[in-house]
Amino acid sequence: MPARHLSNGEIAAELMALAQFIAAKGGNPYKVKAYRRAARTIKSLGESIDELVRNDFDLTEFPGIGQAISSAIQELVRTGTLRQLETVRSQAAPELLEIAEHPRLDPRRVLRVYKRLGISSIAALKEKLAEGEIRTRFGMRMEQHVRQGLQEAHDMLYYEAETVVAAIKTFLRRQCGIRKAEPVGECRRKVEIVREISFLVEADDLHAVLTKVAGYGGKADILTATDTEALAQLSSGTLLRLTASPHKKWGVALIETTGDEEHLRQLRTYNSKWDLAVSSDESFPTERSVYHYLGLSFIPPELREGKDEIALAAENRLPNLVCAEDIRGELHAHSTSSDGANTIEEMMAAAQELGYDYIGISDHSQTLKIARGLSEEALWEQIRFIDNLNARLNGIRVLKSAEVDILIDGALDYPNDLLKELDYTICSIHSRFGQGKAEQTDRILRAMDNRYFNILGHATGRLLLKRPGYEIDVERIVEHARNNRCFFEINSSPDRLDLSADNARIARQAGVKVAITTDAHSTGEFAYLRYGIDQARRAGFPKTSILNHLPWPELERTLKR
DNA sequence: GCCGTTTTCGGCCCGACTGTTTTCAGTCG
């Protein structure tokens with residue numbers, strides 16, 4: 001048995017390396033996926049896998065870990081190495097050894113780049129990336145892949161962070177005996193990409209807490225520590241910031257740890273009372289008490305990013321932000337007719353269960369073959385089907401819609417005589433992302449000229465942490481939308497969140513309403529709604545500017561153009 | 001390699017289009 005205990009991060013890295021070698025050899029891609037999935041599972045755990053193994057815990061209890069991977073982990077923990085991996089390592093070329101240490105790089109793609117550029121090291125790859133040669137020789141996509149793959153980044157999507165936050169919170173409470181631990185920072189502001197997880201804690205001795213935290217996931221590094229603040233790096237790479245505050249100053253500390261730099265800077269300069277609140281002996285147990293003391297109304301955490309919230313709070317003019325209860329229906333959902341997992345009836349029943357008044361079925365249009373887009377004939381049939389269904393329904397209405405592709409020339413993917421039969425349309429770009437900003441903008445503007453265009457679907461096509469999305473001139477498109485009675489969606493899918501909060505803010509300020517939609521491909525995905533709500537709140541939307549807050553008759557009138 | 005209300009094998013989505021990589025591999029949902 002080795003003297004050294006392995007952290008979850010180290011175990012995961014070995015499995016990832018093995019996956020990289022298998023992938024490089026062109027091995028079974030499902031096997032590669034299985035190793036990667038297992039590694040991700042392990043990384044996300046707070047309990048030490050090493051310890052679990054030594055206590056003979058059955059690792060196959062964890063999702064994605066079966067007999068083979070469980071045995072591999074046991075071997076790793078008990079002997080310190082994995083024979084299978086060492087064998088592969090001893091036979092691998094030096095450049096591959098290096099690539100295997102970068103789990104986010106696709107080995108086969110990188111090896112192809114090496115060959116064409118006549119290089120053989122990560123250092124040279126970085127150089128070529130910096131010189132822009134990856135882009136010129138291999139295109140934007142490859143550049144993006146290499147950049148992401150080389151980044152020592154531990155950013156995660158907000159919805160992934162939620163799981164980590166919950167695990168850490170449990171750890172702080174149970175293992176560290178902390179009475180009160182509240183997630184703050186980016187997580188509390190609901191920022192879509194979380195770079196650092198932070199907690200405000202009520203603890204008498206932060207250093208004692210840190211000794212426990214150092215064992216999180218087998219081992220965590222304490223990077224910096226004072227009596228009141230510490231930064232740790234978990235073995236998964238995630239940064240965890242802990243700030244300690246006494247109960248008496250909890251409100252002040254919450255504000256300090258929640259707002260971004262700009263919000264705090266503006267608070268300090270707003271009036272001298274902020275410094276007093278921080279330093280005086282006076283008790284401020286709640287945020288409300290602090291804001292009141294400053295002469296401001298309560299600022300919801302999602303707005304604390306130094307935009308216009310302090311000026312508005314000073315005049316008591318902050319918007320009453322939309323919340324999930326304000327949503328009366330879903331406007332973007334798929335069914336088995338295209339690429340959804342549930343039938344129209346099942347989607348309808350689930351929507352009814354949620355208390356919705358209406359649900360729009362927006363299946364893909366004919367050109368999007370991969371998503372089994374509906375032919376004209378199939379859409380006609382769906383329209384008749386929904387008419388019949390509605391005749392039998394009580395309490396909920398199924399809306400006739402489609403997610404219509406915006407073709408390369410800005411034309412919509414169905415003829416107008418078919419589009420006019422729909423209650424409304426969601427129009428989206430699903431192809432030719434590589435167009436320039438001007439072309440892509442014109443494409444959308446032309447599409448909006450069609451009177452059957454209602455809502456622009458996922459305006460930029462971004463996939464968070466994966467793909468930047470196509471470039472568009474948001475101001476011009478918002479302006480055109482306003483003039484043509486077109487609208488936007490905030491797509492709540494946690495890796496899209498498109499419109500972004502910033503773009504949504506531009507729409508709101510121009511007076512253009514948005515729909516908060518889930519783009520649900522199954523009944524379970526209706527639950528994504530809250531992520532879209534978060535972005536709408538960050539953009540300062542009150543419910544009155546949300547399309548699917550409206551009752552159907554009013555929504556119908558609003559959509560008419 | 002994992003998984004199972006389709007349960008110990010066979011599926012794990014997939015199919016047409018695209019290309020400042022070039023004739024396959026990557027890409028769209």
Side-chain angles (χ1 to χ4, degrees), chain A residues 15-16 18-19 21-23 26-42 59-73 82 84-85 106-118 128 131-146 332-341 362-375 402-408 413 426-436 440 457-458 460-463 466-470 491 493 495-496 498 517-522 525 528:
Chain A
L15 296 181
M16 277 293 194
L18 188 51
F21 286 118
I22 299 169
N28 181 355
Y30 295 110
K31 194 169 171 175
V32 176
K33 251 191 206 167
Y35 276 107
R36 289 189 176 144
R37 180 165 171 234
R40 274 199 307 275
T41 301
I42 290 166
L59 297 177
T60 62
E61 301 266 309
F62 294 115
I65 299 181
Q67 269 316 315
I69 294 184
S70 169
S71 304
I73 296 171
L82 189 54
Q84 191 193 350
L85 181 56
D106 174 354
R108 287 170 81 78
R109 294 175 75 181
V110 173
L111 286 175
R112 236 180 33 244
V113 171
Y114 278 10
K115 199 171 164 191
R116 287 203 35 163
L117 296 181
K128 297 291 183 191
E131 289 164 0
E133 210 174 326
I134 306 287
R135 179 186 275 260
T136 51
R137 298 284 296 275
F138 301 92
M140 199 177 66
R141 287 270 171 273
M142 182 67 93
E143 184 188 43
Q144 170 80 3
H145 172 73
V146 172
H332 187 172
H334 294 267
S335 78
T336 46
S337 303
S338 67
D339 59 347
S362 307
D363 275 315
H364 287 290
S365 61
Q366 51 191 345
T367 295
L368 202 63
K369 301 272 193 261
I370 189 173
R372 300 200 303 275
L374 274 66
S375 67
E403 183 174 8
V404 186
D405 260 59
I406 299 173
L407 303 177
I408 185 63
D413 196 19
I426 292 189
C427 302
S428 314
I429 285 180
H430 290 122
S431 61
R432 301 288 284 267
F433 280 33
Q435 296 271 66
Q440 212 67 289
H458 43 71
T460 72
R462 73 174 183 175
L463 287 181
K466 259 195 228 147
R467 165 179 98 191
Y470 39 83
N491 189 303
S493 182
D495 61 349
R496 287 193 182 272
D498 186 12
T517 68
T518 64
D519 201 353
H521 283 68
S522 65
E525 292 182 2
Y528 289 160

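All chains are named by letter (A, B, ...) in the order of the sequence lines, taking the proteins before the strands, and each is independently numbered beginning at 1. As a basis for the values below, the full set of heavy atoms in this structure was taken, side chains included, without hydrogen atoms, waters or symmetry mates. Owing to the predicted nature of the structure, the values given are computational and were not obtained by experimental measurement.
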Under the side chain to side chain donor-acceptor pair (under 3.5 Å) rule, what do Asp405(A) and Thr367(A) come out as? Steps first, then yes or no, please. CA-CA 7 Å; Asp405(A) 260 59; Thr367(A) 295; 5.9 Å; no

Tell me, with the steps shown, if Glu403(A) and Ser428(A) meet side chain to side chain donor-acceptor pair (under 3.5 Å). CA-CA 7 Å; Glu403(A) 183 174 8; Ser428(A) 314; 2.8 Å; yes

Before giving the answer on side chain to side chain donor-acceptor pair (under 3.5 Å), spell out for Thr517(A) and Asn491(A) the whole-Å C-alpha distance, their side-chain angles and the decisive distance to 0.1 Å. CA-CA 5 Å; Thr517(A) 68; Asn491(A) 189 303; 4.6 Å; no

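Side-chain N/O atoms of Arg432(A) include none lying less than 4.0 angstrom from OP1 or OP2 on dC17(B). Phosphate contact (OP1/OP2 of dG26(B), side-chain N/O of Arg112(A), threshold under 4.0 Å): present. Proximity of Arg109(A) to the phosphate of dT21(B): no side-chain N or O atom is located under 4.0 Å from OP1 or OP2. Within the 4.0 Å cut-off from OP1 or OP2 of dG19(B), not a single side-chain nitrogen or oxygen of Arg141(A) is found. Between Arg137(A) and dG19(B), a side-chain N or O to OP1/OP2 separation shorter than 4.0 Å is absent.
Counting non-hydrogen atoms under 4.0 angstrom, Pro63(A) reaches the backbone sugars and phosphates but no base. Nucleic acid contact for Arg467(A): sugar-phosphate only, since backbone atoms but no base atoms lie under 4.0 Å from a heavy atom of the residue. Within 4.0 Å of Asp519(A), counting heavy atoms only, lies no atom of the nucleic acid at all. Note on His334(A): nothing from the nucleic acid sits closer than 4.0 angstrom, heavy atoms only.
Side-chain atoms of Asp339(A) and base atoms of dG29(B) include no donor and acceptor less than 3.5 Å apart.
The partner of dT8(B), taking Watson-Crick or G-U wobble pairs whose two distances both stay under 3.5 Å, does not exist in any strand shown.
Comparing dC14(B), dG1(B), dC2(B) against the side chain of Ile370(A) picks out dC14(B) as the nearest. The side chain of Lys369(A) lies closest to dA16(B) when the candidates are dT21(B), dA16(B), dC12(B).
As a whole-Å value, the separation of Glu525(A) CD from dG29(B) P is 14 Å. We find that CD1 of Ile22(A) is positioned 11 Å from P of dC2(B), with the value rounded to whole Å. Remark: P of dC2(B) and CG of Leu59(A) are 11 Å apart, rounded to the nearest angstrom. When the P atom of dG15(B) is taken as reference, atom CZ of Arg372(A) falls 9 Å away, rounded to whole Å. For Gln366(A) and dA16(B), the CD to P distance is 15 Å, given to the nearest whole Å. Look at CZ on Phe138(A): it is 17 Å from P on dC24(B), rounded to the nearest Å. dT27(B) atom C1' lies 14 Å from atom CG of Asp106(A), rounded to whole Å. Distance, Glu403(A) CD to dC28(B) P: 15 Å, rounded to whole Å.
With rounding to the nearest 0.5 Å, the separation of OG in Ser335(A) from CG in Asp363(A) is 3.5 Å. For the atom pair CD (Glu143(A)) and NZ (Lys128(A)), the distance works out to 14.0 Å, reported to the nearest 0.5 Å.
Comparing the P positions of dT27(B) and dT21(B) gives an interatomic distance of 15 Å, to the nearest angstrom. Comparing dG1(B) with dT6(B), their P atoms are spaced 27 Å from each other, to the whole Å. When the P atom is used for both dC28(B) and dG11(B), the distance is 28 Å, rounded to whole Å. If you take atom C1' in dC12(B) and the same atom in dC17(B), they sit 24 Å apart, rounded to whole Å. Comparing dC3(B) with dT8(B), their C1' atoms are spaced 10 Å from each other, to the whole Å. Rounded to whole Å, the P atom of dG26(B) lies 16 Å from the corresponding atom of dT20(B).
Asp519(A) and Ser493(A) form no side-chain donor-acceptor contact under 3.5 Å, judged by distance and modelled atom types alone. Asp339(A) and His521(A) are linked by a side-chain donor-acceptor pair at a separation below 3.5 angstrom, with hydrogens and angles left out of the test.
Mapping Tyr35(A) and Leu463(A) onto DNA chain B by nearest heavy atom places Tyr35(A) closer to the 5' end of the strand.
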